[in-house]
Amino acid sequence: MIHTIFFGTNLVAKTVLQALINAPNISVDLVITQPDKPVGRKQIMTPTAVAELASQHNIPVEKPETLKDFPITKLPSCQVAILADYGLIIPQTIIDAFPKGILNVHPSLLPEYRGATPVPSAILHGETTTGVTIMQVEKRMDAGPILATQKYELAPDEMAQDALLALAKIGANVLVEKLPAYMADEIALQVQDDTEATFCNQFTREDGRIDWGKTTQEIYNQYRALSPWPGLWTTWDTKRVKLLKIRPATNKQGNNGQVSIEGDTMYIGTAGGSIQILELQLEGKNAMDVKTFVKGFRQIDGEQFS
RNA sequence: CGCGGGGUAGAGCAGUCUGGCAGCUCGCCGGGCUCAUAACCCGGAGGUCACCGGUUCAAAUCCGGUCCCCGCAA
């Protein structure tokens, strides 16, 4: 039996934690996650996805604001720890508390796309291949020696969320499979080539704004990468319009950013082409499919988005 | 009391500023036309104008309060 503790917060982490719980030869003795966060307009305090899963399985949970002064004595004595999608910095003292270190599941082919948003960033940059890496945690983010990698082909229409979930599952499987060999020192670690490293940061709301001077493919990639958050949006007069569901189109319809309506179909011009809008949301309104939207906003035809 | 938009028929909206017949595009029901149709024509049903109170001869509309939805911000 391999005893371990788990650091993680969001969906990727939840997937990995589930795999660890399911594995008969692994025992998760403690889960460390981020504190409950206020969610939504009503700011309801909500535990993280990982905290919920852990309590369902009666695993003890710690929710420190920071690990900087976290007492090592509170950690159960384990040879190794697992980390996925945690979001807080791990101090060297915590890493050193585990003889075999901490293993991280990171959804990119390191050293490319180190950082917080590897999958959306890869899609945004038009990558068609990515993958998942299992490596040791060291003080520099995502820079530790590699245990294993697994490639993953991105489908042309694949959404970042779906790819992320798929990669989490693959990563979790690889981790569970390799862990016994790692514990037995049977895996040769591969040091990363730092000169090849690239980085990706958290997105902001502004990253979802559409530049109508871009091509259809660029905008579609932005949509695949950033939905549902921060989401694709543009402005009509002074109002924000979220584009919740779009599809690339080939027929050029009017100027860049100009709307054209054909029956129940809505197109917006891009550089050299257009995109088709399937679902959208106007500021202050509920989300609507295009057919419904056009019923109430018949003046939209020919309008200019910016 | 963080900022802003909104609540009108089953859906989406106009009407509110300037008080005076409850409207539009659809959907639904019935009929017609058509080889046929999501097309076209004729007819019909469906409303506590979010809720409570006030002003007025008269309130969806003006005033005060309450609830709910959404966009931002965090």
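Below, chains carry the letters A, B, ... as their sequence lines are ordered, and counting in each starts from 1.
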Considering only the [atom1] atoms, how many Å lie between [N] and [M], rounded to the nearest integer?
| N | M | atom1 | result |
| --- | --- | --- | --- |
| B/rC41 | B/rG47 | P | 27 Å |
| B/rA22 | B/rG15 | C1' | 9 Å |
| B/rA74 | B/rG65 | P | 29 Å |
| B/rC29 | B/rA39 | P | 13 Å |
| B/rC24 | B/rA14 | C1' | 7 Å |
| B/rU56 | B/rG64 | C1' | 16 Å |
| B/rC40 | B/rU48 | P | 30 Å |
| B/rG10 | B/rC42 | P | 25 Å |

Whole angstrom is fine here: how far is it from [atom1] in [X] over to [atom2] in [N]?
| X | N | atom1 | atom2 | value |
| --- | --- | --- | --- | --- |
| A/Leu244 | B/rC70 | CG | P | 13 Å |
| A/Asp289 | B/rC26 | CG | P | 16 Å |
| A/Trp229 | B/rG71 | CH2 | P | 14 Å |
| A/Ile261 | B/rC26 | CD1 | C1' | 15 Å |
| A/Leu243 | B/rG71 | CG | C1' | 14 Å |
| A/Arg205 | B/rA74 | CZ | C1' | 11 Å |
| A/Trp236 | B/rC72 | CH2 | C1' | 19 Å |

Any A/Gln281 side-chain N or O less than 4.0 Å from OP1/OP2 of B/rG71: yes

Under a 3.5 Å limit for both distances, which nucleotide forms a Watson-Crick or G-U wobble pair with [N], could you say?
| N | result |
| --- | --- |
| B/rG2 | B/rC72 |
| B/rU55 | none |
| B/rG46 | none |
| B/rC24 | B/rG12 |
| B/rC67 | B/rG7 |

Contacts of A/Glu62 meeting side-chain contact (heavy atoms from CB on, under 4.5 Å) (sequence neighbours excluded), chain-then-number -> A/Leu30, A/Ile32, A/Pro64, A/Phe70, A/Lys74

Among all residues two or more places apart in sequence or in another chain, which pass the side-chain contact (heavy atoms from CB on, under 4.5 Å) test with A/Glu196? A/Pro111, A/Asp193

Members besides A/Leu124 in its Ile/Leu/Val/Met/Phe/Trp/Tyr cluster (side-chain heavy atoms under 4.5 Å): A/Phe203, A/Leu226, A/Trp229

Other than A/Leu109, which residues form its hydrophobic cluster under the rule that side-chain heavy atoms must be closer than 4.5 Å? none

Of A/Lys291 and A/Glu283, whose nearest nucleotide on RNA chain B comes first from the 5' end? A/Lys291

Using distance alone, with no hydrogens and no angle criterion, decide if A/Tyr220 and A/Asp157 have a side-chain donor and acceptor under 3.5 Å apart. yes

Assign A/Lys242 to base, sugar-phosphate, or nothing according to its heavy-atom contacts below 4.0 angstrom with the strands shown. sugar-phosphate

May I ask you to check whether over 12 heavy atoms, not counting those of A/Gln190, lie within 6.0 Å of atom CD? no

Would one find more than 12 heavy atoms of other residues, nucleotides or ligands at under 6.0 Å from atom CD1 of A/Ile72? yes

Kindly state each residue pair satisfying salt bridge (charged side-chain N to carboxylate O under 4.0 Å, His left out) with at least one member in residues 167-187 of chain A, sequence neighbours excluded. A/Lys100-A/Asp185

For nucleotides 12-16 of chain B, give me every protein contact, N/O to N/O, under 3.5 Å, one pair per line with atom names.
unit_1: B/rG12; atom_1: O2'; unit_2: A/Thr292; atom_2: O; d: 3.2
unit_1: B/rG12; atom_1: O2'; unit_2: A/Gly296; atom_2: N; d: 3.4
unit_1: B/rC13; atom_1: O2'; unit_2: A/Gly296; atom_2: O; d: 3.1

